[in-house]
Protein chains: 2
Amino acid sequence: MYEKYVKILKDHTLKITSPRLEILKYLDEHHTHPNVEEIYSTLKKKYPSLSRTTVYNSLEILKKNRIVQSLTISGSELRYDIDERLHHHFICTHCGAILDISISCPNMDKTIQGGHRVEEVQGYFKGVCKKCQTKEKGMNNNG
Amino acid sequence: MYEKYVKILKDHTLKITSPRLEILKYLDEHHTHPNVEEIYSTLKKKYPSLSRTTVYNSLEILKKNRIVQSLTISGSELRYDIDERLHHHFICTHCGAILDISISCPNMDKTIQGGHRVEEVQGYFKGVCKKCQTKEKGMNNNG
DNA sequence: TTCTATTTTGTAATAATTACAATTTAGTTT
DNA sequence: AAACTAAATTGTAATTATTACAAAATAGAA
Ligand SMILES: [Mn+2]
Ligand SMILES: [Mn+2]
Ligand SMILES: [Zn+2]
Ligand SMILES: [Zn+2]
């Protein structure tokens, strides 16, 4: 059940703890780029002793070890992604959903830009998602 | 002195007010991608009645009118840029500086990605800036 | 089993942003 | 030029996300 996540932690010589395993499992099963609150409130139900601070601490350590990546796309809160590979994201300003965008980008692999050492690259698109556009059109027929 | 900013506001049929003119002037003279606090605390000195809320409100309206753009690059606060053209940014995790990156990108102009309507594109690089790397090297010679 | 550095936990503090109502004012109308 | 009004400004309070911190618990080593 948790062997997969135990292995990830061991490979990074991190201690195996319940919060870390639960958080990894949650992210692995929910590729919705959740924020801390979503992760915390969901896990809190099955694991009542969990502390919000632990979720912050754990995600911080997972990020430092490049097991997860954090997205600053929303502007108000960090969103987390267990897929640490470099890929683009789209955020819908209407429903808030954050979606993966699969496009190739020549600037992704750069380790230097303008003489600066690059350690992280983020490509963000913001707008209205396909689903919300459909809803918008449907709405217009009701008035 | 302020004619340039008056024209910008008029062109967008926005009311000409002191806070708006001051904020525009500040952004025009400081291409450092400042946050609200920087703008507020600087302008407050010359314009003591200025309210922090007004800075938030004004930037919001300028953004809606595409006169400025906001960057979510830092993850803890919005940064503002009077250059509303699409360009990439680099943030130094050491000194916090946000710098413009001039590169061409084939994904910049897309108005649709994965079926979603794109209204904003942001390309972020994060790492250690040229200046901070020089400082790092210098530091090593002192131990 | 004991030990200890690390992690977890809960609470308090901080920082950024938003909500809101009262006051002021830019631009229009008279 | 005075009156009007919708919009903008202001100050304060509330909210939200995150960080600081110290005590308790515990994973993994000895
Ligand atoms: Mn993703
Ligand atoms: Mn810029
Ligand atoms: Zn949507
Ligand atoms: Zn730097």
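Quick note on labels: first sequence line is chain A, next is B, and so on, each numbered from 1.
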*Please confirm whether any donor atom in the side chain of B/T53 sits under 3.5 Å from an acceptor in the base of D/dT12, or the reverse.*
yes
*asked:* Looking only at the side chain of B/S51 (C-beta and beyond, no hydrogens), which of the listed nucleotides D/dT10, D/dT18, D/dT9 gets closest?
replied: D/dT10
*Gap separating the CZ atom of B/F90 from the CD1 atom of B/I98, nearest 0.5 angstrom*: 10.5 Å
*Just checking B/S76: base, sugar-phosphate only, or nothing, at a heavy-atom cut-off of under 4.0 Å?*
sugar-phosphate
*Upstream residue (5' side of DNA chain C) when B/E77 and B/T17 are each assigned their closest nucleotide*: B/E77
*asked:* I need the CZ-C1' distance between A/R79 and D/dT18, as an integer number of Å.
replied: 16 Å
*Rounded distance (Å) that lies between atom P of D/dT16 and atom CZ of A/R52*: 11 Å
*Which one, C/dT9, D/dA8, C/dT7, comes nearest to the side chain of A/L50?*
C/dT9
*Given atom OH of A/Y56 and atom C1' of C/dA12, what is their separation to the nearest angstrom?*
15 Å
*Rounded to whole angstrom units, what separation is found between the CG atom of A/L62 and the C1' atom of C/dT6?*
15 Å
*Can you tell me if the side-chain N/O atoms of B/R20 get under 4.0 Å from OP1 or OP2 in D/dA8?*
yes
_Nearest whole Å is fine: how far is D/dT12 P from B/Y40 OH?_
10 Å
*Counting side-chain heavy atoms from CB outward, which of D/dT9, C/dT8, D/dT18 is closest to B/P19?*
D/dT9
*asked:* If I take atom CD from residue B/E3 and atom CE from residue B/M1, how far apart are they, to the nearest 0.5 angstrom?
replied: 9.0 Å
*Pick the nucleotide of DNA chain C nearest each of B/N35 and B/K15; which residue has the one closer to the 5' end?*
B/N35
*d(CD1, B/I61; P, D/dA6) in whole Å*: 17 Å
*Going from OG1 on A/T54 to CD1 on A/I23, what distance comes out if it is rounded to the nearest 0.5 angstrom?*
7.5 Å
*Does A/H87 have its ring centroid less than 6.0 Å away from the ring centroid of A/H89?*
yes
*Quickly work out the A/L9 CG to C/dT7 P distance and round it to whole Å.*
11 Å
*Where does the angle between the aromatic ring planes of A/Y26 and A/H30 fall among parallel (under 30°), tilted (30 to 60°) and perpendicular (over 60°)?*
parallel
_Closest-nucleotide 5' rank along DNA chain D - winner of A/E37 and A/N57_ = A/E37
_Below the 4.0 Å mark, does D/dT10 have OP1 or OP2 next to a side-chain nitrogen or oxygen of B/Y47?_
yes
*asked:* Please tell me if B/S58 has a side-chain N or O lying less than 4.0 Å from either OP1 or OP2 of D/dT9.
replied: yes
_Between P of C/dT7 and CG of A/L59, the distance in whole Å_ = 14 Å
